[in-house]
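All remarks here apply to the structure that follows.
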Protein chains: 2
Amino acid sequence: MPTASDQKLWTRTRQAVYAEITQTAMDLFLERGFEATTIDDIAAAAGISRRSFFRYFGTKEDIVLGDLAAQGELIRKELEARPAAEDAWTALLNALRHAPRLGQDDATMLKISKMLYRTPSLRARSIEKHLHWQALLTPEIRRRLGVALNDEHDLRADAIVACMLTCLDVAGEAWTRSDGRQSLEDLVVSAVTAVRGSAPDA
Amino acid sequence: MPTASDQKLWTRTRQAVYAEITQTAMDLFLERGFEATTIDDIAAAAGISRRSFFRYFGTKEDIVLGDLAAQGELIRKELEARPAAEDAWTALLNALRHAPRLGQDDATMLKISKMLYRTPSLRARSIEKHLHWQALLTPEIRRRLGVALNDEHDLRADAIVACMLTCLDVAGEAWTRSDGRQSLEDLVVSAVTAVRGSAPDA
DNA sequence: CGACTGTCTGGCACTCAGTGCCAGCCAGTC
DNA sequence: GACTGGCTGGCACTGAGTGCCAGACAGTCG
């Protein structure tokens, strides 16, 4: 297990290459569009072979969405750390709020978001990632609702988590449409309020 | 414009071929799995060329999900016909409830559902279709909420519609997991109740 | 009847994503 | 200096999806 941050040379090199592919590819995506950029383009620009590219990323979409998988874990940890007094919705909302956003400045994030919401294959993949988050977060919500572990048929937790993430998605789209003028946090709260009929606790 | 149901010979032939491809492909999917069935297999079994297949279906997923696009329209019509007294959630729920389900017997539907929830590419496409439904249904919900037409930034209707469809999805998954033992309708109501904190009107 | 038009069809060649296989390179180890 | 193990590039392949073209054929007009 890796105790020191700089482990083997191998590992460090690999991380450096990973970061460079990401950066190079993102530049190309933002310049000429996601679909118009082929993997050959990326590999050539990054100075690696096509074959090696696929050893770093399983799909082209993973370049853009790779971080989302890791972020799911962060949200789960954050959710489990929320005080027991918070109800399911409040705990979820606060977990999303406090989970560290990894990445870029706002202007770049906005560009990436626009690309994400406009490109069908990216949108589909991002929703798949949300499904993954859903699976990660549901157990903790089940625990908070007091659902018995052996109760396979209680879908309340699934519904709540899924709708929370849907609200996040709707808010994200609105944020993108507004060119980032409204805060994403406020938009998520608006969405949740609209759905639940009343505002959640701060 | 087509007034009689049996228009030109062209049209009728085309519909017949369409139906036959669908049936043939479905048989193959249920027999050996979606991903394990190639388009060449389908074309060969249906007695058409590979190239012609793509004149009937844009993608392999469309064979399974083709009807969903048409169903969105039916739901929209149903929604617009709901009495004005019903609030947004109730109207949506009733619209989904009353929209005619086109297709197969229950046992086949269950098999298709299982395939759908297990195959990533199919799941992703079906969620894309839900996004399309969302776009269709949101205007009517905006109208019911009294949102001004020029108000671009009100995301309440989007949130409500999106979460309703998410509930449908969660319920569909639970229905599949339960091997169809619980009624889909009850499951949707359970999901909505869990999310909203109280049961909607019947 | 024959010419014409529009739509469907199959076949070919192509792009692009993604995978399996193999041979070579090179850091770290004994 | 030989050995191991992870990484690399190159090659060939499958499978989805598209563009193009030539031929078949129903329906129409003269």
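Residue numbers begin at 1 in each chain, while the letters A, B, ... track the order of the sequences.
For B:Phe57, the ring-ring contact (aromatic ring centres under 6.0 Å, His included) criterion is met by B:Tyr18, B:Phe53, not counting sequence neighbours. Residues that satisfy the side chain to side chain contact (heavy atoms under 4.5 Å, CB included) test with B:Ala45, not counting sequence neighbours, are B:Thr24, B:Leu28. Residues satisfying the ring-ring contact (aromatic ring centres under 6.0 Å, His included) test with B:Phe34, not counting sequence neighbours, are B:Phe29. For A:Glu185, the salt bridge (charged side-chain N to carboxylate O under 4.0 Å, His left out) partners at least two apart in sequence or on another chain are A:Arg97. Residues satisfying the side chain to side chain contact (heavy atoms under 4.5 Å, CB included) criterion with A:Glu128, sequence neighbours excluded, are A:Arg125, B:Pro120, B:Ala124. Taking A:Leu168 as the reference, A:Leu96, A:His130, A:Trp133, A:Leu165, A:Val188 meet the side chain to side chain contact (heavy atoms under 4.5 Å, CB included) condition, with sequence neighbours excluded. Qualifying side chain to side chain contact (heavy atoms under 4.5 Å, CB included) partners for B:Asn150, counting only residues two or more places apart in sequence or in other chains: B:Ala148.
Summarising the geometry of A:Leu79 relative to A:Arg144, their closest heavy-atom pair is O-NH2, 3.3 Å, with the distance given to 0.1 Å. Shortest non-hydrogen contact noted between A:Arg196 and A:Asp87 is NH1-OD2, 4.5 Å. Heavy atoms only, all atoms of each residue included: B:Leu65 and B:Leu122 are closest at CD1-O, 3.8 Å.
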Acceptor/donor pairs from residues 151-161 of chain A side chains to any protein atom, 3.5 angstrom cut, sequence neighbours excluded:
from	atom 1	to	atom 2	distance (Å)
A:Asp151	OD1	A:His153	N	3.1
A:Asp151	OD1	A:Asp154	N	3.4
A:His153	ND1	B:Gln182	NE2	3.3
A:Asp154	OD1	A:Arg156	N	2.9
A:Asp154	OD1	A:Arg156	NE	3.2
A:Asp154	OD2	A:Arg156	NE	3.2
A:Asp154	OD2	A:Arg156	NH2	3.1

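Contacts between residues 42-49 of chain B and DNA chain C, defined by a heavy-atom separation below 4.0 Å, involve B:Ile48, B:Ser49, listed by number. Heavy-atom distances under 4.0 Å link DNA chain C to no residue of residues 25-34 of chain A. Residues from residues 117-125 of chain A that place a heavy atom under 4.0 Å from any atom of DNA chain D: there are none.
In this structure, the CD1 atom of A:Ile21 is 12 Å from the C1' atom of D:dT8, given to the nearest Å.
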Each nucleotide N or O in nucleotides 14-16 of chain D that has a protein N or O under 3.5 Å away: list the pair and distance.
from	atom 1	to	atom 2	distance (Å)
D:dA16	OP1	B:Lys60	NZ	3.4
D:dA16	OP2	B:Ile39	N	3.3

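Put simply, B:Tyr56 has a side-chain N or O that comes within less than 4.0 Å of OP1 or OP2 on C:dT9.
For the residue pair A:Thr166 and A:Asp169, no side-chain donor N or O sits within less than 3.5 Å of a side-chain acceptor on the partner. Side chains of B:Ser121 and B:Glu61: a donor on one and an acceptor on the other come within 3.5 Å.
Using a 4.0 Å heavy-atom cutoff across all strands shown, B:Phe57 reaches no nucleic acid atom at all. A:Phe53 comes within 4.0 angstrom of nothing in the nucleic acid, heavy atoms only.
Counting distance only, with no hydrogens placed and no angle test, the side-chain atoms of A:Arg55 and the base atoms of D:dG6 include no donor-acceptor pair under 3.5 Å.
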